[in-house]
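Single-structure report; data block below.
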Amino acid sequence: MTLRTRLTAWYAGVFLIAGIALIALNYWLLAEWTPGDGVAMARTVPSELVDPYSGYTAVAAGELPTDTAVFTGEQIKASTMSTVLWQSIIALLVAAVIAVWLGWVVAGRVLAPLHSITTTAHRLEAERLDQRIELDGPPDELKELADTFDGMLDRLASSFDSQKRFVANASHELRTPLAVQRTLIEVAMADPNVTDETRRLGTHLLDTNERSEKLIDGLLLLARSDRGLATRELVWLDEVIDDEIESCAALASEKNVTFAVQTRRYLVDGDPVLLAQLVGNLLRNAVLYNKPGGSVSVRLDQELIITNTGPTVPAQAVPGLFEPFRRLRDRTGTAGSGLGLSIVQSVAKAHQGSAKARPNGGGGLVVQVNLPETGVRQAS
């Protein structure tokens, strides 16, 4: 039951209790003050036997015509009380229906500020914290709640602005030293007099430097997607898939992995850079964590499903793969940083979607990404 329904039920219940108590009190007072004794009374008396001044019969009861119905005081009292009781019950039922309707209307008006708070909360995003309730009205509990919510949004907006500035500064400060290191190593290795041992060391340092750059890029991308979408535009997801498959062609050829693609036109309202990262991470993972001569199946219909034919993945280990830096033991020898599926899940949530995975029956992993589709379907 919703809060509005419960308030209406409470209001109607209190009304019914008060109405029943009132009927009981009236019934008791009527029984207490209505006389039940006295002379016999006639229900129908000929007009010539009625005194025109007093309104009472001018003859004794024994002298009434034989067809006149006579009732005692107790009979009239019982009949009157029964009539009053049933009429009161009918009136109470009619009033209860009206009370329920009024309770529903009043509860809706009382809860209207709460609906405003809920609607504002639904409209909020990490990059759209400018929504405020700004409730007008007397300084009551609901006004205090709305003002508290607005104050919390002000603090959140300030916090997100600080975070965005920090990520932008960290992106520059972390990438610059790595770029300088890479340049110095490459210059040193370009010297024709460099020894083989130094060249091997330089190659190892370049690999380490590249892994560090990829790790930093992944962390920054994860932080960006966790903050929500800064910009939105219409993106054809099937075209993004085609572009990313082309980008992974060299890696797939090196690993002797083939692609099986089946897509349709699929329009998404989102960030094209983040969507490309989502698809690219899924495809690279499917190729890297595959077996020689394996395959990667890409299907886009109601959702994006990418399946590879890699080693067997335990079902209990699948949820942990979406956590940062979590990889299976037999995957640690690959060039990944352990952020691929974390980024996929974060980007999907930023687009009001979801990502989940399950083991493939013949080995490997099946990843399903659901992204809300925008517009009318078009045949590919």
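Both backbone and side-chain heavy atoms feed into the values below; hydrogens, waters and symmetry mates do not. Being a predicted model, the structure only gives us computed values, none of them experimental.
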Does any N or O in the side chain of Thr183 come within less than 3.5 Å of the main-chain N or O of Ala179, such that one atom is a donor and the other an acceptor?
yes
Leu92/Phe15 under side-chain contact (heavy atoms from CB on, under 4.5 Å): CA gap, chis, key distance, verdict
CA-CA 9 Å; Leu92 179 62; Phe15 177 84; 4.2 Å; yes
Could you tell me if the side chain of Gln368 sits less than 4.5 Å from the side chain of Arg358, heavy atoms only?
yes
Please assess Leu251 against Val257 for the test side-chain contact (heavy atoms from CB on, under 4.5 Å), listing each intermediate value before the final yes or no.
CA-CA 8 Å; Leu251 179 62; Val257 173; over 6 Å; no
Would you please name every residue forming a salt bridge (charged side-chain N to carboxylate O under 4.0 Å, His left out) with Arg199, sequence neighbours left out?
none
Say whether, by atom type as modelled, one donor and one acceptor occur between the side chain of Ser158 and the main chain of Asp154 under 3.5 angstrom.
no
Between Arg264 and Glu373, is the closest basic N to carboxylate O distance under 4.0 Å?
yes
Without swapping roles, check the side chain of Asn308 against the backbone of Val287 for a donor-acceptor pair under 3.5 Å.
no
Pair Asp271 + Arg232: basic N to acidic O under 4.0 Å
no
Determine whether a donor-acceptor pair (N or O, by modelled atom type, separation under 3.5 Å) exists between the side chain of Tyr11 and the backbone of Ala107.
no
With side chains defined as the heavy atoms from C-beta onward, is the minimum distance between Leu365 and Thr307 less than 4.5 Å?
no
Shortest non-hydrogen contact from Pro372 toward His351
CD-O, 3.2 Å
Donor-acceptor pair between Thr198 and Thr195 side chains, under 3.5 angstrom:
yes
Hey, is CZ on Arg299 packed in by over 12 heavy atoms from elsewhere, all under 6.0 Å?
no
Is the backbone N or O of Thr258 less than 3.5 Å from a side-chain atom of Ser295, with the two atoms forming a donor-acceptor pair by type?
no
Would you say Asn209's side chain and Leu205's backbone share a donor-acceptor pair under 3.5 angstrom?
no
Would you say Asn360's side chain and Val366's backbone share a donor-acceptor pair under 3.5 angstrom?
no
Greater than 12 external heavy atoms within 6.0 Å of Gln262's CD:
no
